Every structure is written in C-alpha cells, then in structure tokens.
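Everything numeric here is computed off the predicted structure, so don't read it as measured data. Here is how names work: the chains are called A, B, and so on, in the same order as the sequence lines, proteins then strands, and each is numbered from 1.
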Amino acid sequence: MEATEQEPLDVESIRADFPILDREVGDGAPLVYLDNAATTQTPEQVIDVFSEYYRGYNANVHRGIHQLSQEASIAYEEAHDRLAEFIGADGREEVVFTKNTTESINLVAYAWGLNELGEGDAVVLSEMEHHSSFVTWQQIAERTGAEVRYIRVDDDGYLDMDHAAELIDEDAAMVSVVHASNVLGTVTPMRELADLAHDNDALILGDGAQSVPNRPVDVTDLDVDFYVFSGHKMAGPTGIGCLYGKQEVLEDMEPFLYGGDMIRRVTFEETTWNDLPWKYEAGTPLIAQGIGLAAAADYLDDVGMDAIQAHEERLTEYAYERLDEFDDVEIYGPPADDRGAVVAFNVDGIHAHDLASILNDHGVAIRAGDHCTQPLHQKLDIAASVRASFYFYNTMAEVDALVDSLDAARDIFG
Amino acid sequence: MSMGSDMYRQQILDHYRNPRNNGELGDATFSHEGYNPSCGDELEFDVKLEGDGETIERVAFRGDGCAISQASASMLSQKLPGMTLAEVKELDRDDVLDMLGVEVTPMRIKCAVLSEKVVQDGAKIYEGEADVDQTSTEDDD
Ligand SMILES: Cc1ncc(COP(=O)(O)O)c(C=O)c1O
C-alpha cells in the first residue's frame, strides 16, 4: 500500500453518528463491533433519509402522475446517478439496483451465463471466491456444460498470477474474481485480470463487496465489465445492492426478471425492453433502500474514501501486529501492511465458535465459521476461523479489547 | 461474566478434552455421520446393538469441532448404552440441554443437538424409516 498522508479521522465525532455503537451487550459490556465485513452499522444521516422518504414522499416510482410519485421517482433515479458517480461509472445506465451482491452475481449468471455459456467455454474463478460467486457459477456451468477453473491462491494468500495467465485462455468466457477477500483480506490485481480477460475476449466480473465500502473504487480504471457490491456493507440499508455493467454489455444482455417497469411496449405478440438500467429492475424496486444507499455514498464521501482506507489500514496493521505477538495465534493471508480491513485467525486449541461465544461476553462481536468460503477453508485445511473486520468508526482501543479478551478464552480452555 | 462463558463449565471442558467412548467399533451394527454447517462440526457414531436388535449395547464416536458439539457427543455416548432405539428416537432438544447442564446460547443450539440428531438419524436409517447420507443441523426438525 502507498504510504497515506491522510489526516487522522476524527473517529469520536464519527461515532456520534452511529448511536448503536454506544450500546451494551450481555451483562453490560460495551459493544465492540468488529463484524463489519458481514454488515456495517448505519449512520443517523442514512436513517434520516430513509425515514424522510416514508414520512414525506413514499409512493411507487415511474408510475404516478401525482406529486408524491414524481418526488419518489426523481429521488430513486438520482440515487442511481449518485452510485454511478461513487464508483466512477459513466451514468445511471450502468447502475442496476439489486437486493445484494449475491443477486447481482446471479443476475449476470442467469441473464448472461445461461444464454452465452456452453461446452468448450470456461468460467475462471479464484480459490477464494465467496459462495455467492462460487456456487452460482458452479451451478450455471453445470447447466450449460461450461468448465469452471480456479486460480490458485498461494501460501501468502495472493493470487498466483502466472496460473491466472494460464487459465485465462481463449476458451475463457467469464472471469469472476473477488476484489478484496472477505477472509484473507487479499486485494487482487483487478485491472491486470481485466486485461487478461479482454486479451482473450472474455468478460470480467469484479466482486467489490469488500472493496467499495473500504477504499476508493473506479470501475472505469479497473476496466471491468461487471462489478457488484452490497449496501449493507457500506453504511447503507439492508436489502439493496448494485450491479455495475458497462453500457454496451448491459444493452446486449437479455433481461433477468420479467414484469412491470422493465418493459417499453407490450402487445399480445411481443414485448420490447425499457431503457437501461430499468430493463433489469422488474417490478416495484427497492425505493427507500436505493435512496438510502445514495445517502450512504454521500456520507462516505463526506468522511472521504481515502481517509477511510488510511484509517482502516492503521487498524488492520495494528490488529495484525498485536495478534501476531502470540505464538498460539495463526493469522491467514497477506502481511499486515498489504490487506483489506479483515484479519481472520485461529487461537490454538480453541474452536472458532467457542472463541466467538466467549468474546461476545466481553462485548466483542466477531464472525466465526467459514465466512461463506468453504473451499478456501478446505484449502487452508481448517474447519473454521474467527474474523475481525474493521470500519472507519473502529478505534485502536477496540482492537486492544479484542486482543485482550482472547485471554479470557485462554483461561477457560488453557 | 454472562451466558456465553457459562457454557464452558468444567464438565463440558472435561468431556471436550477427554472425550469418552472416542474411537471406532469394529463390530458396529450401524454407523452414521453428521455435519453442522454453521460451525463446521463433524461427528460419526458407531452403534452396537444387543441381540434383541433394539437395545444399545455400546457406542463409539469420532468427531471434530467446537467444545459444545464434542462434549455433547461424549456425554450422549455415556447415556446411550441400555437405551432402546425407540427411546433414542424420542429424545428431544430439552433432553440434550438437560444432559449438558449448562445454558446454551441460541446461536449454539445446533452445536449441542448435532450428536442427538446423528444417532437418531442413524437409528431411523437402520430401521428403514429414513434415507439420508449425512445428517445436517440445517435440515431442521
Ligand atoms: C466478498 C464477498 N462477496 C459477496 C458477499 C455476499 O454479499 P451479500 O450477502 O450482501 O449478497 C460477501 C458478503 O457476505 C462478501 O464478503
């Protein structure tokens, strides 16, 4: 990572925007929320926009002549503009609202994959894909006769790019790779992968679920064809995600869901499709959630994505180094100074779920399990791991709370 | 402190560290395995029936997983000999929690009941009432 000359974040005033961070759990332990890779907390500013919508202008979009519908439609459409700007897309035509990352990947898999893939085609994934991509492409490949290939992850958690160059050959039709691993924290060379894909006339899908929330992302620079992420991991509401697609690719693709709103003209004989992005948003969409997501993008930009990344790098590096001091702790993935804001690890002799239960008594919320990456865990030869994941509202003191509470588990299991 | 740590009473830790009846039976009447996807816990039970074809004579199990799942298997392995398959099939979640003797937090119930489900499914398969390859705590009762 480049050395970041960022002003430190004023975390204290940021935390004031997140009332939930003040709560206690169990017998009055202050909450230490370190499960941000699963879901992030939501600032007042986003909650306000959400409730303003329901209090002030709740109506269906694209359908009414009346004023409420107009107001809702404009806010909902502009939310697409806002997200396009946030990720460096050309405009709302390239931003489809979905339910989450998983649905975004499924949309591409069904609308593009089922129609375009066949025997002799290959879909190239990495060994560290989240099940949302892993399972989806595996199933689509099975249905279409396509082959799935997995780019090796080396012992340090990096993608083996020589292997990638081998696998992404003229048979490759789709390359679908995670941009920042939700377990190892590895940040993959998305642009390099995109070039490899395009040199072989393949499309590329980047899973940005763990990168859009945490670092500046520009899909145009990355030159990806598709890019997917979830609102609930970026200070936004649940129930909303995005599919970015290059305009020409989305234009060529078949729709995913059929129904109202996604059509231009329907006759007894045939139907023509609506303009982008509405062609991919059948039925009444996620109106409040979409507007709320745009508010989350505003909030993140106010804090500053560079500052967010810098703060998270400091937290992650500190957590890694403190955990690494213990002989009984094994950390997975790349070194402290080259990873996204997650640290997955195990403490020798204590199962991840037992550890998580005990940490919970100390207010520390972390994830334990396989983090929807069973194949990666099989490769690491572990059944489960615990994962601490940070967001810009976390503090060094919270990292200390995590590390210190491991002793309570050692006392019980020691 | 509170709930979570309370699960790890001495008895649970003792069974986790020194599981009883851990291993295999060379003369098992039936064997069955199960998996708890939420924790990654695995258990396989061997059961040897007495001559009446109904009463459990001996059991052994092998497993890998969290303290709750493994301690539960160890404790169940002590409780089973002498029970009939019909009685085993009657066991429910509360029996398992009573046996454990600790307050199990809601997110960990699946770990606690895996052993019971494995043995019950094993019994049902043996008696031709069920047909599952592997028990999963996700297929809820
Ligand atoms: C890398 C990655 N991809 C995909 C997902 C799936 O996101 P969602 O559950 O919001 O669809 C997640 C998070 O769970 C993730 O971390």
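More than 12 heavy atoms of other residues, nucleotides or ligands sit less than 6.0 Å from atom CG of B/D27. Remark: B/M107 CE is loosely packed, at most 12 non-hydrogen atoms of other residues, nucleotides or ligands lying under 6.0 Å away. More than 12 heavy atoms of other residues, nucleotides or ligands shown are found within 6.0 angstrom of CZ on A/F326. For B/E90, the CD atom counts as loosely surrounded, since its 6.0 Å shell holds 12 or fewer non-hydrogen atoms of other residues, nucleotides or ligands.
Pairs passing the ring pair (Phe, Tyr, Trp, His ring centres under 6.0 Å) check and including a residue from residues 94-116 of chain B, sequence neighbours excluded, do not occur.
Among residues 12-21 of chain B, the residues having any heavy atom closer than 4.5 Å to a heavy atom of chain A are, in sequence order, B/L13, B/Y16, B/R17. At a heavy-atom separation below 4.5 angstrom, chain A is approached by B/G65, B/C66, B/A67 within residues 47-67 of chain B.
With a threshold of 4.5 angstrom between heavy atoms, A/D370 approaches chain B through side-chain atoms but not through N, CA, C or O.
Side-chain contact check for B/M7 versus A/I358: every heavy-atom pair is 4.5 Å or farther apart. Counting heavy atoms from C-beta outward, B/D41 and A/H351 have side chains that approach closer than 4.5 Å.
Partners of B/E127 under the salt bridge (charged side-chain N to carboxylate O under 4.0 Å, His left out) rule, at least two apart in sequence or in another chain, are B/K89.
The minimum heavy-atom distance linking B/R108 with A/H353 is given by the pair NH1-O, 2.9 Å.
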